[in-house]
Each structure stands twice: as C-alpha cells, then as structure tokens.
Number of protein chains: 2
Amino acid sequence: MGIKVDELSDHADETVEPERRTRADRLAADLADAILSGGFAAGARLDEHGLAERYGVSRTPVREALRQLAATGLIEMRPRRGAFVASITDDALSELFVAMGELEATCARLAALSMNPLERRRLESLHGSMAGMIERGEEEDYAEANRAFHHAIYAGAHNGVLLDIANSLRRRLDPFRQAQFRASGRLEKSHHEHDLVVRAILSGDCAGAHARMLDHVHSVEHAVGQLKTRAAPLR
Amino acid sequence: MGIKVDELSDHADETVEPERRTRADRLAADLADAILSGGFAAGARLDEHGLAERYGVSRTPVREALRQLAATGLIEMRPRRGAFVASITDDALSELFVAMGELEATCARLAALSMNPLERRRLESLHGSMAGMIERGEEEDYAEANRAFHHAIYAGAHNGVLLDIANSLRRRLDPFRQAQFRASGRLEKSHHEHDLVVRAILSGDCAGAHARMLDHVHSVEHAVGQLKTRAAPLR
DNA sequence: TTGAGCCATAGTGCATACAATTAGGCGAAA
DNA sequence: TTTCGCCTAATTGTATGCACTATGGCTCAA
C-alpha cells in the first residue's frame, strides 16, 4: 500500500518523460492548485469551454478533470448546470474541522501504538527543528515543516485508508490553516501543543495522544475563527 | 435517439421524466451495483468499448462513470491501460476494517454526545426490533436493519463530512459484512455487541461508546476472517 | 530451443461535431 | 404594470473519429 502514496504525490519527480500522466490528470492537479490558492473565487462558475481554451486542450479532458475534483469535494457539479467552486459556509467549515480533528486524533492514537523506533525518532527530530524556525521567524519554513509533522503522524498510523482520508481533508483545510499562522503568538502556541502530542506519542500514551491532538486541532479552528471575525474569509 | 432509454432500465422511481440524471451518473450507479453484487470478478478488466455496447451508450458516458467509480476506490484506473475492478488483498481489507472501525467508533463517541432525545429513542427502538428478527431467523431483514442501525449512529454524530466518509467506507466493506451474517451464532453475538454500544450511547458514555463500537467492528472483521479461511473470498 | 526485438492489433486519450436542456429576455395579454 | 409563455442563445451531455500507446505474438539470431 506504500505504492499508493507516491501515485498521489504529484511533485516534479519526472524529468523529461513526454507526459506520463494524462492531460486530464494534470489539469485536475492544476485546477486544484488554482482553486486552493485562490485563483478562482468561491462559488465561481467553471465553464468547460473557457477552461479548455485557457489551458489549450479540448473539453473532454476538462470534463474528466472536473469529475475528479467533484469527487474530492473541491467543486460541485449539478447535472446540466455546470461546475462551481465549492463555497464553504461557516457550518460546513466547522464540520470539516471537527472531522479533521477526529481523524488526526485517531491517527495520533494509532501512531502512539504503531510507530516504530525510527519513525518516533524522526518525529521527535522534526518537532525539535521547528522550535528554531519560530525563534528565527521563518514562517514559510514552519508552515512546510508543519505539513510534514502532521503527515508523519498520519503515516505513523500505518493505515493507507486513513492516510488517504486525512490527506484529502487536509488539502481542503490547508488554505484556512495557512492564514492562522499569521496570528501573533500562534506559532509558539502551536509548537507547545505539538510538544504535548509528541510526548504522548513517544511515551505510547494512546489516549493522551488522542486528546492532545484533538485539543490542537480545536485550537487551530479557534484561531481561524478569530481571524474570520476580523477579515473576510480568504476565498 | 432518446427513445431507447430503457436499455439502462433500473429502478422505477422515475415515471415519465425524460432523464433527470445523466447517463454517466446512472451508469456509475449501475456499475457500482454490479461490482458490489459480484457481477464483475475482482481484477476484471472493464473495457470501455465493451461496456458502451453492453449498456447501449457511447464511450463518453462510460469514461465519466469509470472516473467516478475510480474516485470511490471501487475500481482502479491506470493511464492508457484501462480500468480494473479493485482487487482487495488481505492486507488492504484489514486496513479497511481498521479504518472503518475507527470511523464508526468516532461516530459512536460523537453520537453519545450529540444525539437528541428523538434520535436516541429511535436508535433504541430500532435496536429493540432487531432482537425479534433474530428469533424469527429473518436474516435478510436483519441485514437491512443492521445497515439502518449503523447509519443512525453515523447520522447521530451530526457531521456531514464524517457521514460521507463512513458511508463510502461501508459501501466497500458491505459485501464482506454480508457474508459473515451466515456464520452460525453471529447474529446473536452481533446483537449483544450492539446492545453494549446502544447502552453506552444512551447513557452519554462517550468513551464507552467508542470502545464498544471498536470491539464490535473488530468482531465483525474476525468473523469475516474466519469465513475466508474456509471459503474463497466472495468476489 | 530460447531470448530479444519488431510488428500488428486492440484499446485508451483526445478532439470535434451534434443534440438536448436550461436560463434569460422579450413580447403579448390580462 | 405584471405575469405568463415562447423563443433564442449559451452551455452541458453524448456520439464518433483519429492518433498514439501498450501488449501479445511472431520472427530471427545466437
């Protein structure tokens, strides 16, 4: 099941190959990036013909890409009425955070039980390196390391199904998580919460790992909520 | 051309309506049913042209239906090599059960916290009615009620995201769950486990609900495992 | 006889043309 | 003035044709 992982990872590991993946697949990835980075407004209509012209392909791969995205929940398709960027209501966002929290807490619990010594050492080392980033104010690096941190815990659960679910939820929440890093003092608080999670996992305290991770995600949700009261949602 | 509609003739819920859903959507549903009910062997190749001919449509809706199914994990698509019915290895099946167990346990915990009095009463009543089915040996009815029972708990978590995830996992596991009902004494054991879950939920014991549901799913997995050692997997 | 390379064939990826439906605007009637 | 209905334009759903890739069989050489 380890194979499945790098099928999903669409980074530039391919060098010159004259297109291994299909246009539809690459289009889906491109569109997902564009949507998640705010290139399309929430609720915006995704016109097949327009997208086809814009990306220089025919409507067929566009339609297939849209189907893929619809399956992830990133867009919504209504028969004969087209595709729209899924707009997240406050309630839906809250449900997403609750689900994400439960999933992450579950992974943390399983990780406390299943991680092998190497995985535990790597998690500890990654967590340790993040302290320095905070001191040096390296927000970008911290955000990236944060992703790796959470991913390490998903992977530590040793369950491909949960890994896939967690990744897909995280992708949808990432834009919101990103924003809260800019709240003052948030990085320190986040790191402290991580610390509690790591200690619980390393000591094999599965109930503690569950509880601490739940706390952490709730805290992230709270920070996002605070942000939204001041500024408009970021997409 | 819209005349030869009933090649796809499925359920008679639509009376005269000239197609509300698209062909691709109905095809996806039909194919999912066919696969889950064993109409296609595991690992079988799903030839686009053949399916198109068989269902009396062109390749385009077939392709879109296949994309949809691929997103649910029911089939696997490899670029330029076609679609195959996803074959489940023992390891993958085990991972699915673990994930399903964690999801169900999470829903049970949340249900213990969130269910309103009406939902609690309905859950209790449904559970009560299942005892009679066992005594009367109504396996079919019990299987149906069992689905409703678990669904009620997912819904009781009051979280659409978790509900969707649980449903999609359940769909993939249902063929295996069905089989274990035929194991002797399994119905009684299942009902007893349900009883523990219901009591925990009704009394608001969220930790207990989590633990009891985890036990229950593990027990189901064990029963399926027992079955598989004797007979070949059912698809 | 066995292995490697070539070729034919089948099947997917993509493009494009056509059909059908929806939505919005316009006009007529009450 | 308002409302109902029709018509048109825009857009999605479906069909089909072509091109390119992968796979299996066949040939030729060792």
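Here is the naming used below: chain letters follow the sequence lines, and residue numbers restart at 1 for every chain.
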Could you give the side-chain donor-acceptor pairs of residues 158-165 of chain B under 3.5 Å, partners two or more places apart or in another chain?
residue  : atom : partner  : partner atom : Å
B:His158 : NE2  : B:Glu119 : OE1          : 2.8
B:His158 : NE2  : B:Glu119 : OE2          : 3.0
B:Asn159 : OD1  : B:Val161 : N            : 3.0
B:Asn159 : OD1  : B:Leu162 : N            : 3.0
B:Asn159 : ND2  : A:Glu95  : O            : 3.0

Protein-nucleotide distance (B:Glu53, atom CD; C:dG11, atom C1'), rounded to Å: 14 Å
Over how many whole Å does the gap from A:Phe84 atom CZ to D:dT12 atom C1' extend? 11 Å
Those residues that, when tested against B:Arg45, pass side-chain contact (heavy atoms from CB on, under 4.5 Å) (two or more places apart): B:Phe84
Return the stems involving DNA chain D, sorted by first number, where pairs are Watson-Crick (N1-N3 with N6-O4 or O6-N4) or G-U wobble (N1-O2 and O6-N3), both under 3.5 Å, and runs are 3 or more long. C:1-30 with D:1-30
Look only at the side chain of B:Arg120 and the backbone of B:Met115, and say whether a donor-acceptor pair between them is shorter than 3.5 Å. yes
Length of the line joining B:Leu66:CG and C:dT12:C1', which is rounded to integer Å: 11 Å
Rounded distance in Å - CG (B:Asp25) to P (D:dT12): 15 Å
Name all residues meeting the side-chain contact (heavy atoms from CB on, under 4.5 Å) criterion together with B:His222; count only those two or more places apart in sequence or in a different chain, and write none if there are none. B:Gln226
Not counting sequence neighbours, which residues clear side-chain contact (heavy atoms from CB on, under 4.5 Å) with A:Glu53? List them please. A:His49
Those residues at least two apart in sequence (or on a different chain) that pass side-chain hydrogen bond (donor to acceptor under 3.5 Å, both in side chains) with B:Glu48 are B:Arg59, B:Arg63
Taking only nitrogen or oxygen atoms into account, show me every contact under 3.5 Å that the protein makes with nucleotides 7-9 of chain C, one pair per line with its distance.
none

May I have the distance from B:Met77 (atom CE) to C:dT12 (atom P), rounded to whole angstrom? 8 Å
Please write out each protein N/O paired with an N/O of nucleotides 15-18 of chain C under 3.5 Å, distance rounded to 0.1 Å.
residue : atom : partner : partner atom : Å
C:dA15  : OP2  : A:Ser58 : N            : 2.6
C:dA15  : OP2  : A:Ser58 : OG           : 2.6
C:dA15  : O5'  : A:Ser58 : OG           : 3.4
C:dA15  : N7   : A:Thr60 : OG1          : 2.8
C:dT16  : O4   : A:Thr60 : OG1          : 3.2

Taking only the side-chain nitrogens and oxygens of B:Arg26, find out if one of them lies under 4.0 Å from OP1 or OP2 of D:dG13. no
Please list, chain by chain and in numerical order, all residues satisfying side-chain hydrogen bond (donor to acceptor under 3.5 Å, both in side chains) with B:Gln180, sequence neighbours excluded. B:Arg186
Atom-pair distance (CZ on B:Arg21; P on D:dT14), nearest Å: 12 Å
Would you mind listing every salt bridge (charged side-chain N to carboxylate O under 4.0 Å, His left out) that reaches into residues 149-162 of chain B, with sequence neighbours excluded? none
Identify, with sequence neighbours excluded, every residue that meets side-chain contact (heavy atoms from CB on, under 4.5 Å) alongside B:Phe149. B:Leu123, B:Leu126, B:His127, B:Met130, B:Ile153, B:His194, B:Val198
Is B:Arg23 salt-bridged to B:Asp30, going by a charged N under 4.0 Å from an acidic O? no
Show me the pairs that pass salt bridge (charged side-chain N to carboxylate O under 4.0 Å, His left out) and involve residues 68-77 of chain B, at least two apart or across chains. none
Nucleotide D:dA19, atom P - distance to CZ of B:Arg80 in whole Å: 14 Å
Listed nucleotide nearest any side-chain atom of B:Arg81, set C:dT12, D:dT23, D:dT12: D:dT23
Spacing between A:Asp47 atom CG and C:dA23 atom P, to the nearest angstrom: 15 Å
